[in-house]
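Notes to accompany the following structure.
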Amino acid sequence: MSRYNFREIESEWQGIWNDRGSFVASEDFKQSKYYVLEMFPYPSGRIHMGHLRCYTLGDVVARYKRAQGYNVLHPMGWDAFGLPAENAAMEKKVHPAEWTYDNISTMRVQLQAMGLSIDWKREIATCDPEYYQHEQAMFLDFMDHDLVYRKKGWVNWDPVDQTVLANEQVIDGKGWRSGAVIERRQLSQWFCRITNFSHELLLSLEDLQRWPNKVRIMQENWIGLSEGAYIDFKFSNDKLKSPLRVFTTRPDTIFGASFCALAPDHPISEQLSNTNSDLKAFIEECRKLGTSEEAIQTAEKKGIDTGLRVYHPFSDEELPVYIANFVLMGYGTGAIFGCPAHDQRDLEFARAYGLPVRPVVVPQNTNPKEFCIQEEAFVEDGILANSEFLNGLNVPEAKKTIIQKLIGSENGESTINYRLRDWLISRQRYWGCPIPIIHCNNCGIVQVPRDDLPVTLPTDIDFTAPGNPLERHLEWKSVPCPSCEQPAERDTDTFDTFMDSSWYFARFCSPSSSNPVDAKQAEYWLPVDQYIGGIEHAILHLLYSRFFMRAMLKSGHINIKEPFQGLFTQGMVNHATYKDVNGDWVEPQNILVDEGGKVVRADTGSSVEVGRVEKMSKSKKNTVDPTDVIESYGADTARWFILSDSPPDRDMEWTNSGVQGAFRFINRVARLVSDCQSSLPKPNLPPNEKFSEEENKLRQITHKTIAGVTEDYERFHFNRSVARLYELTNAISAYEIEESDVKHSWVKREALETLILLLNPMTPHLAEEMWKQLGHKVLLVDTRWPTADRSLAIDDVITIAIQVNGKLRGKLDIKAGTKEIKVQEAARDVTNVSSTISDRPIKKVVFVKDKLVNFVV
RNA sequence: GCGGGCGUGGCGGAAUUGGUAGACGCGCGGGAUUCAAAAUCCCGUUCUGGUAACAGAGUGAGAGUUCGAUUCUCUCCGCCCGCACCA
């Protein structure tokens, strides 16, 4: 018997599916659609295990839904702009475009070798002007609808690389590439007005029932709603006319106020610093501290008295105004009132600067005169005291009352504040989508006329100097102003690459439309029914995409709010780590277990210490290349292994023995089919009229497996499907018949065909090949999902558990549905049961139909 | 500090609404086949005692509810993730 030749078989079927266009989505809008999407990859050069896992999961869903008769859209593209291309350009002297497109070609081949059911006709790359021209047009549309704007903002500036860095690129206050200490700089930048939708983005999370709870909670916290009030404090000094507005969630504690504090970046702080060098020095100090998270954590509460005084809104008391390092300009109004008794930070600050600590909320049944604040502020609910008209109220009541008072006296109002900030989208980078704006000395900010789009990147660029090459490219940069025709300059920034990935799923619906999206197509396909990707995008990408849909709706591009109906976040792929005697990491391929069971290096034979199982990473050298696995064992083996054992949302451990186990299974199924091929009846024959008991047993397992696997597929429990399919395979192997017994073989064929149909989404090449070997002319890819015969999926003989005092003492095989009295009688006769009960009186009998009997003695 | 999650054999993990804990796989042990090996097949495999039938213990620890708890409630311990001077 020849061995299952996965190399030939897999590439053969990939060719056939491709030639027949098996996975091209139909444009027949009358069919029910199903849009499956995995987060598109960054073309780094090679696919990794994370890709293998993600795209396998998505492919199982896509093939399963296709078999169920849905019109499935399952596209693929490339998140092709980004920094690594520029780094490659600097290090290897390759043009970013060339590097990117080379990587795309390599990775496309690698993905295709996995046998994914992708509609490659819809492939897009975000670095293609064909794609990003629409992004530029939408940016201008957003601008017209006041959804983007330009403002001065504080950014992380790397003085060596001369560029802005994202927060996550700043590690311990230093640039991730240059290692230079990051400065905070104010630059004019473009922002998306995502905060326009704060409330809407928060509320709609309710509707995303098919998202993981965890992700919804993370977004909820990120948007960070807090209810409170603005309170206005009038200055007692005459210099400043308009009052100081602060935000607070505890307006009820206003009578405990002992100071006000401004953020170092607050306009008043800046104004004062112009004439006061002490203040100026303090503000500078705060700014340096600003970038390192560690520094923020350990920093003491520090402040400086501005000399300004404000009146308490309900008494004539004067409060000092400080500039304090712990007040943030980006939250609320950038100014607070300090109530040391009921806020830990304010307390620390008050202790440092000798400010009064006045409790105004005391625990229930406590005498206010005896209540004293020591090292910890009292932040719980309690009863108001020392607060005039608020005395005796609890905290929620006091909040309501004081807000009414504030409104009445025009000293404030109730408000809702969000943590979410507007999205800074300018990047001082070359390899990104150019911002279609021209800066003119006469006309200011001018849009590039739509007819002149796309603004494409220049190809002749110089990467020898640090900074943004677009900035230095005078020829590209200089253009006449579209409005006054005087010499002007292009915006030399490019978009954050999160812009590119915020709408690609919509472009897939009509990848060659002359508009960003074809409304009809988009409304048929969207929202994405099942989106799959890593948890690391829980906030940014998913929130930006949700914003983008709303912005596209507002600017008339689309009629969809939520892009992703269902979301699944897959776990990481981990691997054991190995360290040799020198303390160097060793690659898994270089590991051997010798005869004595000792783990050694394959090359030197020296002993190796097996370390923790950790996320695959280059630095720890514990990576395994999926392409190597596919070449040695085949795509089906790789897919089957990745789906076995671990639930898809949890981290999984990649092991060689696991891969070999999967390989064994693939070969076992192939053998099972080829061994009995000749003895099976022809396909599509009607069933026997009567089945023997043995036949019925196998049929029962077959139909139970259909029901179980279908349910598991719906719930992403692929590891359970794998277990069930092993069980079915074991049952088929154990079902022994005479070679010539064609009648009995009908049941065997039914079982085998079921196995293959159910395996199809997971190991499509094997399944397709076996289907053909069983004599089918119609391809498996065009064959419908089986339905379970419910009457067969139910057992007629059931094993009932017999307990005495809740402890299992025996089992009883009995017909399903047997009445309690009969079961009891039979149960009493079971040897261990009768001896355990002996002559003790039975107090009570618990009976659960078809499950158990419990005698309480 | 705040928010969320997870603790089950040697390992990954199963276990509908509370109802036979350990499915399935890996590993390990034994056997068959083979001149031998690989591959394959069969049997066993939670722990303790016992040749066995069987008995006792057992789902991080402790308590509670219940005829019955991996599942529900409370307290504690450990690990993981997210956010973090957010007023």
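Excluded from the calculations below are hydrogen atoms, water molecules and symmetry mates; all remaining heavy atoms, backbone and side chain alike, are included.
Shown here for A/Leu347 and A/Glu375, the closest heavy-atom pair between the two residues is CD2-O, 3.5 Å. Residues A/Pro212 and A/Thr569 come closest through the heavy atom pair CG-OG1, 3.8 Å. Of all heavy-atom pairs spanning A/Tyr331 and A/Arg419, the tightest one is CE1-CA, 3.9 Å.
Among B/A84, B/G13, B/G19, the nucleotide with an atom closest to any side-chain atom of A/Arg419 is B/A84. Which of B/A87, B/U20, B/A14 sits closest to the side chain of A/Phe247 comes down to B/A87. For A/Leu852, counting side-chain heavy atoms from C-beta on, the closest listed nucleotide (B/G82, B/G19, B/C86) is B/G19. For A/Thr248, whose side chain is taken as the heavy atoms from C-beta onward, the closest listed nucleotide among B/G4, B/G19, B/A87 is B/A87. Taking the side chain of A/Tyr331 as heavy atoms from C-beta on, and the options B/U20, B/C83, B/C86, the nearest nucleotide is B/C86. Nearest nucleotide to the side chain of A/Leu808, out of B/A21, B/A87, B/G19: B/A21.
Applying the 6.0 Å contact sphere to CD of A/Glu609 captures no more than 12 heavy atoms from other residues, nucleotides or ligands. Taking a 6.0 Å sphere around CD1 of A/Ile416, one finds it holds more than 12 heavy atoms contributed by other residues, nucleotides or ligands.
If you take CD1 of A/Ile223 and C1' of B/G82, they are 15 Å apart, rounded to a whole angstrom. If you take NE2 of A/His717 and P of B/G12, they are 19 Å apart, rounded to a whole angstrom. Here the P atom of nucleotide B/U66 and the CG atom of A/Asn805 are 15 Å apart, to the nearest Å. Remark: P of B/C2 and CD of A/Gln344 are 12 Å apart, rounded to the nearest angstrom. B/G3 atom P lies 17 Å from atom CG of A/Leu225, rounded to whole Å. If you take CD of A/Glu711 and C1' of B/U17, they are 14 Å apart, rounded to a whole angstrom. Summarising the geometry, the separation between NZ on A/Lys399 and P on B/A87 is reported as 10 Å, rounded to the nearest angstrom. Rounded to a whole Å, the NZ atom of A/Lys615 is 11 Å from the P atom of B/C81.
Within the 4.0 angstrom heavy-atom criterion, no nucleotide atom of any strand lies near A/Val246. Base engagement by A/Ile336 is indicated by at least one non-hydrogen atom pair under 4.0 Å involving a base atom. Residue A/Asn221 is classed as a sugar-phosphate contact, given heavy-atom separations below 4.0 Å to backbone atoms only. Residue-level contact check: A/Lys811 touches the bases, meaning some heavy atom is under 4.0 Å from a base atom. Across all strands shown, A/Arg421 has heavy atoms under 4.0 Å from base atoms, whether or not it also approaches the sugar-phosphate.
The same atom, C1', is picked in B/U66 and in B/G30; the two are 45 Å apart, to the nearest Å. Comparing the same atom, C1', in B/C24 and in B/U45 gives a spacing of 15 Å after rounding to whole Å. Nucleotides B/G5 and B/U20 place their P atoms 26 Å apart, quoted to the nearest Å. Annotation: B/G13 and B/C67 have their P atoms spaced 36 Å apart (nearest Å). One C1' atom belongs to B/C6, the other to B/C86, and the distance between them is 29 Å to the nearest Å. Rounded to whole Å, the C1' atom of B/G9 lies 14 Å from the corresponding atom of B/U70. The same atom, C1', is picked in B/G50 and in B/A57; the two are 15 Å apart, to the nearest Å. Comparing the same atom, P, in B/A55 and in B/G22 gives a spacing of 16 Å after rounding to whole Å.
Checking the phosphate oxygens (OP1, OP2) of B/C67, a side-chain nitrogen or oxygen of A/Lys844 falls inside 4.0 Å. Put simply, A/Lys807 has a side-chain N or O that comes within less than 4.0 Å of OP1 or OP2 on B/A57. The shortest distance between the side-chain N/O atoms of A/Arg216 and the OP1/OP2 oxygens of B/G82 is not below 4.0 Å. Look at A/Arg809 and you won't find any side-chain N or O under 4.0 angstrom from OP1 or OP2 of B/U20.
Scanning atom types as modelled, one donor and one acceptor separated by under 3.5 angstrom connect the side chain of A/Lys301 and the base of B/C85.
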Contact letters for nucleotides 22-29 of chain B, in which S counts primed atoms plus P, OP1 and OP2 and B counts the base, heavy atoms under 4.0 Å: -BSSSS--
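In this structure, A/Arg650 and A/Ile800 both approach RNA chain B, and ranking their closest nucleotides by distance from the 5' end singles out A/Arg650. If you find the closest nucleotide of RNA chain B to A/Val856 and to A/Arg715, the one lying nearer the 5' end belongs to A/Arg715.
With contacts defined as side-chain heavy-atom distances shorter than 4.5 Å, the pair A/Tyr230/A/Thr248 does not qualify. Proximity of A/Phe6 to A/Phe663: side-chain heavy atoms (C-beta onward) are separated by under 4.5 Å at one or more points.
Across A/Leu812, A/Leu808, A/Ile802, A/Val853, a single residue satisfies side-chain contact (heavy atoms from CB on, under 4.5 Å) together with A/Val833, and that is A/Ile802.
In this structure, A/Lys849 does not pair ionically with A/Glu820, as no charged nitrogen and carboxylate oxygen lie closer than 4.0 Å. The pair A/Arg216-A/Glu220 fails the salt-bridge criterion, with no side-chain N (NZ, NE, NH1 or NH2) lying under 4.0 Å from an Asp/Glu carboxylate O.
The backbone N or O of A/Lys807 sits nowhere less than 3.5 Å from a side-chain atom of A/Asn805 that would complete a donor-acceptor pair.
Between A/His537 and A/His541, the ring planes lie perpendicular to each other; the angle is over 60°, past the 30° to 60° tilted range.
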Candidate pair A/Asp343 and A/Arg250, rule salt bridge (charged side-chain N to carboxylate O under 4.0 Å, His left out), full reasoning: CA-CA 9 Å; A/Asp343 182 288; A/Arg250 295 295 303 274; over 6 Å; no
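In RNA chain B, stems built from 3 or more consecutive Watson-Crick or G-U wobble pairs, each with both distances under 3.5 Å, span B:1-7 with B:77-83, B:10-12 with B:24-26, B:27-32 with B:40-45, B:46-49 with B:54-57, B:60-64 with B:72-76.
B/G7 adopts an anti glycosidic conformation, its chi angle falling more than 90° from 0.
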